[in-house]
Colleague: 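Dumping the structure here so I can ask a few things about it.
We count ligands from 1, going down the list as the structure has it; atoms in each ligand are counted the same way.
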Amino acid sequence: MTAPAERAHAILSASSAKQWIHCPPSARLREQFPEETSAAAEEGTLAHQFCELKLRKLFLEPGMPEKDYKAGLNKLRKGKHFSTEMERYTDEYRDYVQQIAYQYPSAPYITVEKRVDYSYIAPEGFGTADCIVMYGTELHVVDFKYGKGIVVEAEGNCQMALYALGALQAYGLIFPIDTVHFHIVQPRVKNFSQWTTSVRDLNAWAETVVRPAAQKAYEGGGEFQQGKWCDDCFCCAAGTCRARADANVPVLQAQVDPATGKMKEEALLTNEEIGKLLPLLMMAEPWIKKVKKAALAKLLAGEAVPGWKLVEGRSNRSLTDPKAAYGALIKAGYKKAMFYEQVPVPLTEAEKLITKEEYQSILAPFIVKPKGAPALALEGDKRPDYVKDSTPEEDFGGANAYKKGDQP
Ligand code: SF4
């Protein structure tokens, strides 16, 4: 199985392609930061190892003795970040790939954890594709995402496009591929996104967009440009980047009333102004969080950030040994029921404790999904428009709403 270390990253990595294509100098900027890992990254690596083992058993090594397969699973189950839900989510990935494979009249060519080389278009560029399926003129690139913070779209996905270009380099002479399907399998947020493009369009994009950006990025040239990629691609400089500050600070400063030094009242803005301002503020929002995080990290590392210091944040009191503490109260004459309550665990917790079949057959009939609260989205957002089924009065609490003159 692929060891985590073998999933090394190129300077022009596929996973950060969206970032270096839009902001070429960010690729070399990364070299100034130490390689860091996180619990989420380690969890994702473990989940990928489950995926690989399951696909190997299903497609590449169907003769794998059951005891070896079980031993492999058991070894992974000992991983620090293992949870029973990981088994279910990686089963969903295996089933998804199986559906792709079974749509063809005979067995397609399948490879997993395939290192693909796209250095002909981006210097030293390579990456590891989770799964590649080929049959006749069709190529499928499947990417498993275990994270749930950012919902990843297959359409125009730069990472998958580079994997596809690498796969075409490796197999283009053997398979007469003309159509490429991108698949994102992100089961924790029920995101199964697909997109299809032609090899002709893919190659045109590679030549006109990737090649010039890659050359600049590799040489450390080009213009800094902030955008969704700063946070979506986890740019190391996200909190300390001068280009982001240069772009965001004037936007925020324009909202400060020079007479009072305070933020201008929103009521003074017209709807048009609010509409124009929101995308800029939304761009600045994650940047503000990253700047705070960077400042905290620097102070914790002993560096000085002029004008700032570390203090102890808020904390809540807690019992060192609740069982012993409440036991002592019960011994003193209090009723046990006063200190213990039986409450159902949240649905997400229950889901982790049971099998996929039990979820479908026992739990699913009890599940309802209430209408979500209205949320702001840009006009081009693909989600359907919010349908209002309440009156403006109800939106603000109906008859119980606070009225002017009420005592708070
Ligand atoms: S934070 Fe954004 S603008 Fe700055 S280097 Fe990274 S990708 Fe470029």
Colleague: Please write down residue, atom name and distance for the protein heavy atom closest to atom 8 (Fe) of ligand 1.
Modeller: Cys23 SG, 2.3 Å
Colleague: Considering non-hydrogen atoms of the protein only, which is the closest contact for atom 2 (Fe) of ligand 1, and what is the distance?
Modeller: Cys230 SG, 2.3 Å
Colleague: Would you indicate which of Ala27, Cys241, Ala243 comes nearest to atom 4 (Fe) of ligand 1 when only heavy atoms are counted?
Modeller: Cys241
Colleague: Pull out every atom of ligand 1 sitting under 4.0 Å from any heavy atom of Leu29, numbered as shown with elements.
Modeller: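 In order of number, 5 (S).
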Colleague: Could you tell me whether the side chains of Gln103 and Gln99 share a donor-acceptor contact shorter than 3.5 Å?
Modeller: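 Distance-only check fails for Gln103 and Gln99.
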Colleague: So, Tyr109 side chain and Tyr171 main chain: donor-acceptor pair closer than 3.5 Å or not?
Modeller: no
Colleague: Indicate whether any N or O donor in one side chain lies under 3.5 Å from an N or O acceptor in the other, for Tyr135 and Ser106.
Modeller: yes
Colleague: Please write down residue, atom name and distance for the protein heavy atom closest to atom 3 (S) of ligand 1.
Modeller: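 Of every protein heavy atom, Gln225 O, 3.5 Å lies nearest to atom 3 (S) of ligand 1.
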Colleague: Ignoring hydrogens and angles, state whether a donor on the side chain of Glu92 or Tyr96 is under 3.5 Å from an acceptor on the partner side chain.
Modeller: no
Colleague: What atoms of ligand 1 come closer than 4.0 angstrom to any heavy atom of Gln19?
Modeller: 7 (S)
Colleague: Any chance the side chains of Glu42 and His81 put a donor and an acceptor closer than 3.5 Å?
Modeller: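 A donor-acceptor contact under 3.5 Å links the two side chains.
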Colleague: Out of all atoms in ligand 1, which are within 4.0 Å of some heavy atom of Cys235? Include the element for each.
Modeller: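 Per the distance check, 1 (S), 5 (S), 6 (Fe), 7 (S).
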Colleague: Between Tyr146 and Glu43, do the side chains contain an N or O donor and an N or O acceptor separated by less than 3.5 Å?
Modeller: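 The answer is no; no qualifying pair exists.
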Colleague: With respect to atom 6 (Fe) of ligand 1, please indicate if Cys236 possesses an N, O or S atom at a distance under 2.8 Å.
Modeller: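 Coordinating: no.
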Colleague: At a 4.0 Å threshold, what atoms of ligand 1 neighbour a non-hydrogen atom of Phe224?
Modeller: 5 (S)
Colleague: With no hydrogens and no angle check, just 3.5 Å: does a side-chain donor-acceptor pair link Ser193 and Asn191?
Modeller: no
